[in-house]
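For reference, the structure is listed below as structure tokens.
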There are 2 protein chains.
Amino acid sequence: MLTIGSLAKKTGTKVQTIRYYEQIGLMPEPGRTEGGQRRYENAELDRLSFIRHSRQLGFSLDAIRELLDLSDHPEKSCDEADAIARRQLRQVEQRMARLKALRTELKRMVHECSGGRTADCRVLEVLRDHSECLTEHDDIGA
Amino acid sequence: MLTIGSLAKKTGTKVQTIRYYEQIGLMPEPGRTEGGQRRYENAELDRLSFIRHSRQLGFSLDAIRELLDLSDHPEKSCDEADAIARRQLRQVEQRMARLKALRTELKRMVHECSGGRTADCRVLEVLRDHSECLTEHDDIGA
DNA sequence: TTACATCCTCTAGCTACTGTAGATTCAAGC
DNA sequence: GCTTGAATCTACAGTAGCTAGAGGATGTAA
């Protein structure tokens, strides 16, 4: 029987976050003491660990909802779980590619700036003039 | 004299986003027609381009506010602009490192999953058991 | 003049939390 | 049994950076 505070500590989660997960139906409503405080069992500890670990891997709460659902049905095919993970992997790879391009341009900006007045600042100049830019006119997304 | 719609098209911004930038004071209040519609000049086009380009490089709106301020004062030292860019570069590099770790673990999950019942699904198993995980108990951030 | 695209303001919604206020409960020490 | 202080409770507001929609006004071309 864990209080919400010790559950939080064990999983590296904030207390409010646990309550939030309950509110959106990701965590079940736990038992309560007579005074109305939440008390958790090991099953809930496992579930929360699953959620947190998935979040650390960047899965969205919606994806996690699906994964938990799959996890609750051991007889189902695991293709779906696999697909979700692959989708996530693709996303991570896309973001990495994007960040790589950003890094290149930022490095260029910083290295070329020799210090002095902002009038001659290479950083500001690059930001002003989009034409010398490698980055495209598309979504920003992290 | 540009309408908000053509300014939006020229800069790859949504109309609402431009109005949002105005609302938070990132864009100035433009002139209006008698009927109350916004009309923009080239200065505003330049400013919005600067903002969008900076956003594409991942700068926060707060950072952009500082950069714009520096850009408006050509006699100031450009150290500050340089510092902002360096900070941004560091952030990008941190995120990349983080994503690299994620990619490794996701790849492992996906490659080890041989298909079958979710009961034996490697993906779900890894998510359940945090102990075999490389990722740390820290912030998720992107 | 009439049609229709574009514009206006205002409000609410998105993700995934985080923080605060003010009241209540729990557990330990005396 | 009583007190104290930490932890908990609910409810609501706020974060970043937009995005979407309602319901109405304006601008422009035929």
Side-chain angles (χ1 to χ4, degrees), chain A residues 1-27 29-40 44 48 50-68 88 91 95 98 137-142, chain B residues 1-27 29-40 44 48 50-68 88 91 95 98 137-142:
Chain A
M1 287 300 232
L2 297 161
T3 65
I4 195 168
S6 45
L7 181 64
K9 217 167 265 173
K10 267 178 196 287
T11 56
T13 316
K14 301 232 161 143
V15 166
Q16 291 105 309
T17 305
I18 299 175
R19 289 198 279 249
Y20 169 70
Y21 287 161
E22 181 184 329
Q23 195 188 305
I24 61 168
L26 210 56
M27 286 291 285
E29 292 186 19
R32 299 264 186 161
T33 62
E34 287 198 8
Q37 298 195 353
R38 292 167 178 82
R39 287 300 122 96
Y40 294 93
E44 279 124 317
L48 184 55
F50 186 105
I51 294 172
R52 293 312 288 175
H53 190 193
S54 305
R55 283 297 295 136
Q56 276 160 19
L57 286 170
F59 289 97
S60 71
L61 293 183
D62 268 354
I64 295 172
R65 216 184 285 274
E66 290 184 72
L67 289 168
L68 279 167
Q88 179 63 19
Q91 248 186 50
R95 271 189 227 158
R98 169 102 188 119
H137 241 206
D138 55 17
D139 61 321
I140 290 161
Chain B
M1 287 301 232
L2 296 162
T3 63
I4 195 170
S6 46
L7 181 64
K9 218 168 264 172
K10 268 178 195 288
T11 55
T13 317
K14 301 232 161 145
V15 166
Q16 292 105 310
T17 305
I18 298 176
R19 287 198 280 248
Y20 169 71
Y21 288 162
E22 180 184 329
Q23 195 188 305
I24 62 168
L26 209 56
M27 285 292 285
E29 291 186 19
R32 301 264 186 161
T33 63
E34 288 198 6
Q37 297 195 353
R38 290 168 179 83
R39 288 298 122 97
Y40 293 92
E44 279 123 318
L48 184 54
F50 186 105
I51 295 172
R52 293 311 289 175
H53 190 192
S54 304
R55 285 295 296 137
Q56 276 160 20
L57 286 171
F59 288 98
S60 72
L61 293 182
D62 269 354
I64 294 172
R65 215 183 287 273
E66 288 184 73
L67 289 168
L68 280 167
Q88 179 63 19
Q91 249 185 49
R95 271 189 229 159
R98 168 103 188 119
H137 241 205
D138 55 17
D139 64 319
I140 290 161

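These figures come from a predicted structure and were not determined experimentally.
- The heavy-atom pair separating B/Met27 from B/Glu44 by the smallest distance is CE-O, 3.5 Å.
- No donor-acceptor pair under 3.5 Å is formed between the side chain of B/Ser6 and the backbone N or O of B/Leu2.
- Of the residues near DNA chain C, B/Gln23 and B/Gly5, the one whose nearest nucleotide (by heavy atom distance) lies more toward the 5' end is B/Gly5.
- What you find for A/Thr11 and A/Leu7 is that their closest heavy atoms are OG1-O, 2.8 Å.
- Using modelled atom types, no side-chain atom of B/Arg52 and backbone atom of B/Gln56 make a donor-acceptor pair closer than 3.5 Å.
- Salt-bridge formation is detected for the pair A/Glu22/A/Arg38: a Lys NZ or Arg NE/NH1/NH2 atom is positioned less than 4.0 Å from an Asp or Glu carboxylate oxygen.
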*Test side-chain contact (heavy atoms from CB on, under 4.5 Å) applied to B/Leu61 and B/Arg55, step by step*: CA-CA 8 Å; B/Leu61 293 182; B/Arg55 285 295 296 137; 3.5 Å; yes
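- Contact check, B/Arg32 against C/dT9: a side-chain N or O comes under 4.0 Å of OP1 or OP2.
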*Footprint string (nucleotides 19-28 of chain D, 5' to 3'): B base within contact, S backbone only, - free, heavy atoms under 4.0 Å*: SB-----SS-
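- Atom CD1 in B/Ile51 sits roughly 12 Å away from atom P in D/dG17 (whole-Å rounding).
- Residue B/Ile18 contributes atom CD1, which lies 13 Å from atom C1' of C/dT6 at whole-angstrom precision.
- Taking atom CE of A/Met1 as the reference point, atom C1' of C/dC26 lies 14 Å away to the nearest angstrom.
- Contact between the side-chain N/O atoms of B/Tyr21 and the OP1/OP2 oxygens of D/dC18 is found at a separation under 4.0 Å.
- Distance, B/Glu22 CD to C/dC7 P: 14 Å, rounded to whole Å.
- Rounded to whole angstrom, the span from the CG atom of A/Leu57 across to the C1' atom of C/dA16 amounts to 17 Å.
- One atom, CZ of A/Phe59, and another, P of C/dT15, lie 18 Å apart when rounded to the nearest Å.
- A/Ile4 comes within 4.0 angstrom of the backbone, heavy atoms only, and of no base.
- Checked by atom type and distance alone, the side chain of A/Gln37 never pairs as donor or acceptor with a backbone atom of A/Arg32 at under 3.5 Å.
- Phosphate proximity of C/dC8 to B/Arg38: present, with a side-chain N or O under 4.0 Å from OP1 or OP2.
- Nucleotide C/dT15 holds its P atom 13 Å from the CG atom of A/Leu26, rounded to whole Å.
- Straight-line distance from the CG atom of A/Leu2 to the C1' atom of C/dC26: 16 Å, rounded to whole Å.
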